[in-house]
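Hydrogens, waters and symmetry mates are skipped; everything else that's a heavy atom, side chains included, is used.
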Amino acid sequence: MTTPMTTTPSPVLGALPLGFPWATQDPFLFCAYHDDAYPKGNASMGPQGSLAGRDIGQDFSRKDGWSMYHGETVPGFPAHPHRGFETVTVVRKGLIDHSDSLGAKARFGQGDAQWVTAGQGIVHSEMFPLLDSERENPLELFQIWLNLPAKNKMVPPHFTMLWSADMPRLVTHDEAGRQTDVLTVAGQLEGADAPLPPPPDSWAAQPEADVAIWTIRMAPGARWTLPAAKGHGTRRTLYFFKGASVTIGGTAVQSSNAIELRGDVAAELVNGDVEGEFLLLQGKPIAEPVAQYGPFVMNTQAEIMQAMQDYRRTQFGGWPFGDSAPNHGRDPKRFAVHPDGREEVPA
């Protein structure tokens with residue numbers, strides 16, 4: 001009698017080229033990767049030189065390798081509203097000046113992350129001050145939108161800082177000594193310390209949600225196995241944004257691709273011949289209807305209309321700053337001031 005052969009299913013379900021923003025899967029709504037080679041800063045913390053040829057207020061041109069976005073003097077995103085979801089902002093290089101309608105302020109970056117639950121409504125600004133007048137001011141960040149389930153869409157807004165030194169990291173070496181570094185913004189990774197707690201009303205705060213946000217850096221030729229997800233029905237996307245090639249469970253994939261992976265199997269990653277960098281987003285789908293209009297994400301169009309009416313009427317608590325694009329001065333020190341007035345600085 002012949003014994004039937006069994007094969008391990010490939011962890012790769014498919015791949016899509018990266019665009020702007022990056023395609024996401026439920027429970028994620030949006031992922032933008034900003035990698036701006038900003039020049040030296042001027043006295044106003046904006047870019048030195050002329051802004052001619054840019055659509056100021058709507059500049060996504062990447063002219064000369066950078067954009068002003070909605071900023072007019074300093075690059076970034078002046079005051080704008082959100083309702084019904086969360087923003088997770090991971091800043092790998094450079095600094096962000098955050099201000100919001102709760103009265104919170106923060107200057108963060110160089111590996112820090114910020115997690116804001118918009119809930120029933122928040123207005124915030126995110127400006128990119130160019131503090132160095134002698135050298136270039138590179139900025140690299142991810143902004144990730146994580147949906148909220150219907151029962152939590154109207155919770156009070158919440159402001160959280162995750163400082164770089166506090167976030168768990170896992171450093172491993174394969175048999176040849178080649179290194180892989182994993183930073184865990186959210187979600188437990190075996191071998192790393194316990195993750196920092198997400199905001200209390202986040203989908204990520206539900207154990208069954210199995211939410212993970214990890215960045216992975218692999219040395220040339222390094223091997224590392226991404227463990228299977230712990231939850232049932234978890235979906236995961238691996239964004240391969242820097243490098244040349246990677247082999248995942250025997251399937252070769254080129255850089256600049258969003259790779260959909262099975263959640264129920266481990267995936268061995270074998271990096272190509274240059275350093276590779278990845279972002280992993282995973283979670284159990286919320287599996288509810290999504291109605292979106294710009295910065296508002298609800299379950300029905302009627303709720304979207306209500307969000308627009310509420311914002312026109314209340315401005316989600318109003319804007320407590322004199323400028324729609326406030327900055328926090330020339331001191332590069334990172335800090336946060338919480339809505340209750342509590343001050344916080346990284347360790």
Side-chain angles (χ1 to χ4, degrees), residues 19-22 24 29-109 113-116 118 121-131 136-145 157 159 292-297 304 307-308 311-312 315-329:
F20 186 87
W22 294 348
T24 55
L29 299 161
F30 173 94
C31 182
Y33 175 56
H34 297 274
D35 189 10
D36 289 280
Y38 287 117
K40 299 174 183 178
N42 61 25
S44 300
M45 292 177 277
Q48 288 187 24
S50 172
L51 298 179
R54 296 179 183 271
D55 183 9
I56 297 302
Q58 294 285 343
D59 175 34
F60 288 74
S61 65
R62 291 201 53 78
K63 183 176 183 288
D64 301 322
W66 53 273
S67 299
M68 288 293 290
Y69 302 105
H70 297 309
E72 297 184 1
T73 301
V74 175
F77 296 84
H80 55 282
H82 291 302
R83 172 180 277 187
F85 64 99
E86 300 184 288
T87 63
V88 184
T89 307
V90 183
V91 185
R92 290 156 55 88
K93 297 177 185 175
L95 295 169
I96 288 184
D97 280 352
H98 165 95
S99 307
D100 68 39
S101 54
L102 300 174
K105 299 186 297 182
R107 171 165 281 174
F108 67 101
Q114 183 194 71
W115 199 318
V116 173
I122 196 171
V123 181
H124 72 168
S125 66
E126 302 153 298
M127 306 309 297
F128 310 151
L130 308 184
L131 299 184
E136 293 184 342
N137 291 269
L139 178 78
E140 184 186 8
L141 67 89
F142 305 108
Q143 183 162 95
I144 301 155
W145 290 11
F159 166 88
Q292 180 173 358
Y293 182 79
F296 306 134
V297 181
I304 292 291
M308 296 169 64
Y311 178 61
R312 284 194 293 265
Q315 298 295 296
F316 293 164
W319 187 244
F321 305 96
D323 186 347
S324 66
N327 64 69
H328 303 323

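Scanning all heavy atoms of the two residues, the minimum distance from Leu130 to Pro39 falls at CD1-O, 4.2 Å. Here the closest non-hydrogen pair linking Ser67 and Asp36 is N-OD1, 3.1 Å. For the pair Ala118 and Gly84, the tightest heavy-atom approach, listed with the atom from each and the gap, is CB-N, 4.3 Å. Here the closest heavy-atom approach between residue Pro320 and residue Gly318 is recorded as CD-O, 3.6 Å. In terms of heavy-atom proximity, Phe321 sits nearest to Ala104 at CZ-O, 4.1 Å. Of all the heavy atoms in Ser125 and Pro78, the pair that sits closest is CB-C, 3.7 Å.
Remark: Phe60 CZ is packed, more than 12 non-hydrogen atoms of other residues, nucleotides or ligands lying under 6.0 Å away.
Taking CZ of Phe316 as the start and OG of Ser101 as the end, the distance is 8.5 Å to the nearest 0.5 Å. Expressed to the nearest 0.5 Å, how far OG of Ser61 lies from CE of Met68 amounts to 10.0 Å. How far CD1 of Ile56 is from OG1 of Thr73: 9.0 Å, rounded to the nearest 0.5 Å. Within the model, atoms OH of Tyr33 and CZ of Arg92 stand 6.0 Å from one another, a figure rounded to the nearest 0.5 Å. Note that the CD1 atom of Ile144 and the CG atom of Leu29 stand 11.5 Å from one another [nearest 0.5 Å]. Interatomic distance, CZ of Phe85 versus CZ of Phe296, reported as 9.0 Å (0.5 Å rounding).
Taking the side chain as every heavy atom from C-beta outward, Phe108 and Ile96 approach each other to under 4.5 Å. Residues Val116 and His82 are not in side-chain contact: their nearest non-hydrogen atoms beyond the backbone lie 4.5 Å or more apart. Residues His80 and Glu126 are in side-chain contact: their nearest non-hydrogen atoms beyond the backbone lie under 4.5 Å apart. Between Gln143 and Phe77, every side-chain heavy-atom pair lies at or beyond the 4.5 Å cut-off. Phe159 has its side chain within reach of Gln114: a pair of non-hydrogen atoms, C-beta onward, lies under 4.5 Å apart. In this structure the side chain of Pro295 never reaches within 4.5 angstrom of the side chain of Arg83, judged on heavy atoms. Side-chain contact check for Trp66 versus Leu139: every heavy-atom pair is 4.5 Å or farther apart. Residues Val123 and Gln315 have side chains not in contact (no heavy-atom distance under 4.5 Å, counting atoms from C-beta outward).
Panel note: side chain Asp100, backbone Leu102; a donor-acceptor pair is recorded below 3.5 Å. Side-chain atoms of His70 never come within 3.5 Å of backbone atoms of Ala79 as a donor-acceptor pair (strictly under, hydrogens ignored). Of the possible polar contacts, one joining the Arg107 side chain to the Gly329 backbone as a donor-acceptor pair under 3.5 Å is found. Distance alone, capped at 3.5 Å, is enough to place a donor-acceptor pair between the Arg54 side chain and the Lys63 backbone. Formation of a donor-acceptor pair under 3.5 Å by the Arg62 side chain with backbone atoms of Asp35 is found in this model. Without hydrogens or angle criteria, Gln292 side chain to Gly294 main chain gives a donor-acceptor distance under 3.5 Å.
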Quick one: side chains of residues 44-53, donor-acceptor pairs under 3.5 Å with protein atoms, not counting sequence neighbours, listed by atom name and distance.
unit_1 : atom_1 : unit_2 : atom_2 : d
Gln48  : NE2    : Gly41  : O      : 2.8
Gln48  : NE2    : Ser133 : O      : 3.2
Ser50  : OG     : Ala52  : N      : 2.9

key: Test log, rule salt bridge (charged side-chain N to carboxylate O under 4.0 Å, His left out), inputs Asp97 and Lys105   = CA-CA 7 Å; Asp97 280 352; Lys105 299 186 297 182; over 6 Å; no
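For Phe20 and His34, the ring centers sit closer than 6.0 Å to each other.
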